[in-house]
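Quick notes on the structure that follows.
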Amino acid sequence: MATLSLFIVLLFLPLPYSYADPDPLQDFCVADLKSSPSVNGFPCKSALEVTSGDFFYDGLSKEGNTTNVFGVKVNAGNVLVFPGLNTLGISMNRVDLSPGGIAPPHLHPRSTESGIVVEGKLLVGFVTTGNVVYSKVLGAGEMFVIPRGLVHFQHNVGDGKALVFTAFNSQLPGSVIVPSTLFASTPPVPNDVLTKAFQVDEAVINGIKSKFGMQG
Ligand code: GLV
Ligand code: MN
């Protein structure tokens with residue numbers, strides 16, 4: 001009976017894997033990105049070496065260069081470039097899109113994403129595990145949320161440039177960009193897998209791979 005009660009209690013306790021990044025155990029733990037021990041996250045810099053500069057980051061202040069095939073530039077403000085975020089479980093991106101530009105379908109394995117459009121007209125959407133798409137065209141000041149791990153996209157449907165800032169409940173959300181994951185990985189995903197998955201001939205797969213500078 002005691003074991004059964006314990007099991008029921010455990011069943012309703014929030015499980016660690018349902019959290020985003022773990023909570024900090026001290027005021028701060030500025031990442032020592034050069035430290036050799038490998039841990040889950042980064043070891044803390046000595047407090048004696050911590051400066052104000054560790055807690056400020058201006059990498060999202062400048063407009064990104066969107067002259068690329070997707071017409072997008074994502075500038076990530078994560079722990080790798082902003083070590084003060086270490087153990088705090090948050091980070092942000094700046095996303096600039098030229099007219100017609102897209103943030104291609106992608107997902108963040110470690111984080112939910114929210115965002116606020118600052119400029120332009122943006123179609124924002126995500127796809128559920130049941131293949132249902134939820135989407136809306138947003139203007140300046142409007143927010144969205146993308147549940148953790150779901151494939152999502154943004155498309156600048158306005159006449160001018162678009163700017164959106166996104167926020168994550170992870171210091172390093174990770175990005176799986178679907179087209180490059182499937183067609184530009186190293187080593188490549190075998191063509192046999194891709195032809196069957198997409199029900200097309202090998203020439204189509206090779207054509208797509210070549211767009212990413214890959215051989216068949
Ligand atoms: C947009 O989807 C982003 O990941 O910043
Ligand atoms: Mn995203």
Side-chain angles (χ1 to χ4, degrees), residues 17-21 31 41-42 56-185 211-212:
Y17 60 71
S18 67
Y19 299 148
D21 293 3
F42 293 98
F56 301 92
Y57 178 63
D58 68 359
L60 306 191
S61 61
K62 292 168 212 85
E63 186 174 344
N65 181 352
T66 58
T67 45
N68 54 63
V69 282
F70 294 132
V72 70
K73 177 66 185 170
V74 178
N75 270 315
N78 60 37
V79 69
L80 298 179
V81 291
F82 186 3
L85 292 178
N86 195 37
T87 74
L88 300 182
I90 56 166
S91 58
M92 295 187 79
N93 284 354
R94 173 190 176 125
V95 186
D96 290 281
L97 301 108
S98 56
I102 57 159
H106 66 282
L107 63 92
H108 307 288
R110 293 183 286 277
S111 184
T112 287
E113 169 179 330
S114 65
I116 183 158
V117 177
V118 171
E119 185 183 350
K121 218 166 130 192
L122 204 63
L123 171 69
V124 179
F126 68 89
V127 191
T128 69
T129 56
N131 295 335
V132 179
V133 172
Y134 292 96
S135 67
K136 190 176 178 192
V137 174
L138 302 179
E142 295 189 282
M143 272 187 81
F144 62 87
V145 65
I146 311 288
R148 175 176 174 168
L150 296 187
V151 170
H152 58 285
F153 55 86
Q154 285 109 5
H155 182 200
N156 180 355
V157 291
D159 295 330
K161 62 186 182 189
L163 171 63
V164 56
F165 285 91
T166 50
F168 303 89
N169 60 338
S170 169
Q171 64 180 29
L172 192 60
S175 282
V176 175
I177 299 163
V178 178
S180 32
T181 298
L182 292 176
F183 297 101
S185 62
K211 300 270 181 212
F212 291 94

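Read the numbers this way: they start at 1 and go in the same order the structure lists the ligands and their atoms.
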Exercise. Identify, by atom number and element, the atoms of ligand 1 in contact range of V95, meaning under 4.0 Å from any of its heavy atoms.
Key: 5 (O)
Quiz item: What is the distance from atom CG of L97 to atom CD1 of I102, rounded to the nearest 0.5 Å?
Solution: 9.0 Å
Exercise. Identify, by atom number and element, the atoms of ligand 1 in contact range of H106, meaning under 4.0 Å from any of its heavy atoms.
Key: 1 (C), 2 (O), 3 (C), 4 (O)
Quiz item: How open is the angle at the Mn ion (ligand 2) from atom NE2 of H152 over to atom NE2 of H108, rounded to 10 degrees?
Solution: 110°
Practice problem: For the pair Y57 and F82, name the ring-plane relationship: parallel under 30°, tilted 30 to 60°, perpendicular over 60°. | Solution: parallel
Quiz item: Looking at CD of Q171 and CG of N86, how far apart are the two atoms once the value is rounded to the nearest 0.5 Å?
Solution: 4.5 Å
Self-check item: atom 4 (O) of ligand 1: nearest protein contact (heavy atom, Å)
Solution: H108 NE2, 2.9 Å
Practice problem: Working to the nearest 0.5 Å, report the span between CZ of F153 and CG of L123. | Solution: 5.0 Å
Self-check item: Interfacing atoms of ligand 1 (cut-off 4.0 Å, heavy-atom, N93)
Solution: 3 (C), 4 (O), 5 (O)
Quiz item: How many angstroms lie between atom CD of Q154 and atom CD1 of I146, to the nearest 0.5 angstrom?
Solution: 6.5 Å
Practice problem: Under 4.0 Å from a heavy atom of E113: give me the atoms of ligand 1 that qualify, with their elements. | Solution: 1 (C), 2 (O), 3 (C), 4 (O)
Exercise. For Q154, take its heavy atoms, then give the atoms of ligand 1 lying under 4.0 Å from any of them.
Key: 1 (C), 2 (O)
Quiz item: Taking atom CZ of F70 and atom CD1 of I177, what is their separation to the nearest 0.5 Å?
Solution: 8.0 Å
Exercise. Report the name of the N/O/S atom of E113 located nearest to the Mn ion (ligand 2).
Key: OE1
Quiz item: Between NZ of K121 and NE2 of H155, what distance do you get to the nearest 0.5 Å?
Solution: 11.5 Å
Self-check item: Per-atom contacts of ligand 1 with H152, taking only distances under 4.0 Å to non-hydrogen atoms
Solution: 2 (O)
Exercise. Could you check atom 5 (O) of ligand 1 against the protein and tell me its nearest heavy-atom contact, residue, atom and distance included?
Key: T166 OG1, 2.8 Å
Quiz item: Where does F168 meet ligand 1, judged by heavy-atom distances below 4.0 Å: at the side chain, the backbone, both, or neither?
Solution: side chain
Quiz item: Would a 4.5 Å heavy-atom cut-off, applied to side chains only, mark E63 and R94 as touching?
Solution: yes
